[in-house]
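These notes are about the structure you will find just below.
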Amino acid sequence: MFDGIRLAFGTLTAIPVTSPTRIDRRVAGRAMILAPLTQLPLVTILLLWGWAVREAPVPPLVAAATTLVAVTLATRGMHLDGLADTADGLSASYDRVRALDVMARGNIGPSGVAAVVLVLLVDAGALACLLTTGRGLVLVCLSVIASRQMLAWACSAGVPSARQEGLGATVAGTVQPAMVGLCFVLLLGVSALATWWSGPNWWTAPVAMCSAVLGAVAVVRRATRRFGGITGDVLGAVIEVSLAVALTVSALLLSVIR
């Protein structure tokens, strides 16, 4: 369990941790299950920042941009890098080997730039709406946690790896579907309680969490068809896309129920 926690924090955050005593597929599966816990320090910062935004007050777009800076620094931008590489691979060629080669180069092409810019624009627009209220802030924090829970979906049994080496090969298929379902039900329960505590319409957060699943599944299905499975870059894309979807749906729901 401790190896899984160390691997999760070391892989998904910029927080320095000691190296796991061993890394195998069992430990990797635990790390993917525990991924939402790695966001608790960031969630604490976001809650404090959200309070400061409403008390100051801070212009909504400035608050949104600063929030994105904090989220990016908390992960060293690795998930955005994965999104960019995945977009470049999808647009490079219908040939699987060539697409994977483009993803492995590390440089960023026009498709990658467009993907990152567009996703960040969507995030900023949603955050500008959500950070103005306490309920919206709760939805932001839940969306961040949900985006990391999507790693368990992306690494569930039956999802292949696109390569025989790398992060994707280590984590692909390591999480049993029953555990994926159990963790998601727990997420739904926590989200419903959190939104019930912050005000009426408790169902808004569970709906946003379900939308995150749709975003993650869409990315995994597309990657599996084009690349033959997932890679570490695809996992980054899963996080960024599911976060953008959850934030967008949260902002839309908040606008409707106001």
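Atom set for the values below is all heavy atoms of this structure, side chains included, hydrogens, waters and symmetry mates excluded.
- Atom CG of L187 sits about 11.5 Å away from atom CG of L182, to the nearest 0.5 Å.
- Of all the heavy atoms in T174 and A28, the pair that sits closest is OG1-C, 4.2 Å.
- For the pair N201 (side chain) and W203 (backbone), a donor-acceptor distance under 3.5 Å is absent.
- Counting only distance, with no hydrogens or angles, the side chain of S111 and the backbone of D88 share no donor-acceptor pair below 3.5 Å.
- Looking only at atom types and distance, the side chain of R25 has no donor-acceptor partner in the side chain of T170 under 3.5 Å away.
- Between the side chain of R22 and the backbone N or O of V27, no donor-acceptor pair lies under 3.5 Å.
- The two atoms that bring L42 and A70 nearest to each other are CD1-O, 4.2 Å, heavy atoms only.
- Within the structure, the salt bridge (Lys or Arg N to Asp or Glu O under 4.0 Å) test picks out the following pairs touching residues 95-109 (sequence neighbours left out): D101-R105.
- Residue L47 is grouped with residue L254 when hydrophobic side chains (ILVMFWY) are merged at heavy-atom distances under 4.5 angstrom, including chains of intermediate members.
- Checked by atom type and distance alone, the side chain of S161 never pairs as donor or acceptor with a backbone atom of Q164 at under 3.5 Å.
- With L130 as the partner, the side chain to side chain contact (heavy atoms under 4.5 Å, CB included) test is satisfied by one option alone out of T248, T67, V140, V138: V140.
- Between the side chain of R148 and the main chain of L34, no donor-acceptor pair closer than 3.5 Å is present.
- Annotation for R26: atom CZ does not count as buried by contact number, only 12 or fewer foreign heavy atoms lying within 6.0 Å.
- Remark: I15 CD1 is packed, more than 12 non-hydrogen atoms of other residues, nucleotides or ligands lying under 6.0 Å away.
- Taking OG1 of T38 as the start and CD1 of I5 as the end, the distance is 11.0 Å to the nearest 0.5 Å.
- The 12-atom threshold is not exceeded at CZ of R221, counting heavy atoms of other residues, nucleotides or ligands nearer than 6.0 Å.
- Grouping Ile, Leu, Val, Met, Phe, Trp and Tyr residues whose side-chain heavy atoms lie under 4.5 Å apart, directly or via other members, leaves V97 alone, with no other cluster members.
- Of the possible polar contacts, one joining the T86 side chain to the D233 backbone as a donor-acceptor pair under 3.5 Å is found.
- Taking every heavy atom of both residues into account, C155 and L235 meet most closely at SG-CD2, 4.0 Å.
- In this structure, the side chain of R54 engages the main chain of G50 through a donor-acceptor pair within 3.5 Å.
- Residues M78 and I23 do not share a hydrophobic cluster, defined by chaining ILVMFWY side chains whose heavy atoms lie under 4.5 Å apart.
- When all heavy atoms of R226 and L90 are compared, the closest pair comes out as NH1-O, 2.8 Å.
- Under the 4.5 Å side-chain criterion, counting only non-hydrogen atoms from C-beta, L121 is in contact with V117.
- When all heavy atoms are compared, the tightest approach of A212 to A246 is CB-CB, 4.1 Å.
- By the 4.5 Å side-chain criterion applied to Ile, Leu, Val, Met, Phe, Trp and Tyr, V122 is assigned to no cluster and stands alone.
- Interatomic distance, CG of D85 versus CG of L100, reported as 11.5 Å (0.5 Å rounding).
- Formation of a donor-acceptor pair under 3.5 Å by the S242 side chain with backbone atoms of I239 is found in this model.
- Judged purely by atom type and a 3.5 angstrom limit, R163 has no side-chain atom pairing as donor or acceptor with the backbone of G229.
- Under the 4.5 Å side-chain heavy-atom criterion for Ile, Leu, Val, Met, Phe, Trp and Tyr, L127 and W49 are members of distinct hydrophobic clusters.
- Between L80 and V116, the shortest heavy-atom distance links the atoms O-CG2, 3.7 Å.
- For the side chain to side chain contact (heavy atoms under 4.5 Å, CB included) criterion with Q39, the lone passing option out of L46, V144, V71 is V144.
- The backbone N or O of W202 sits less than 3.5 Å from a side-chain atom of T195, completing a donor-acceptor pair.
- Neither L83 nor I108 shares a network with the other; the hydrophobic side chains, linked directly or stepwise wherever heavy atoms of I, L, V, M, F, W or Y lie under 4.5 Å apart, form separate groups for each.
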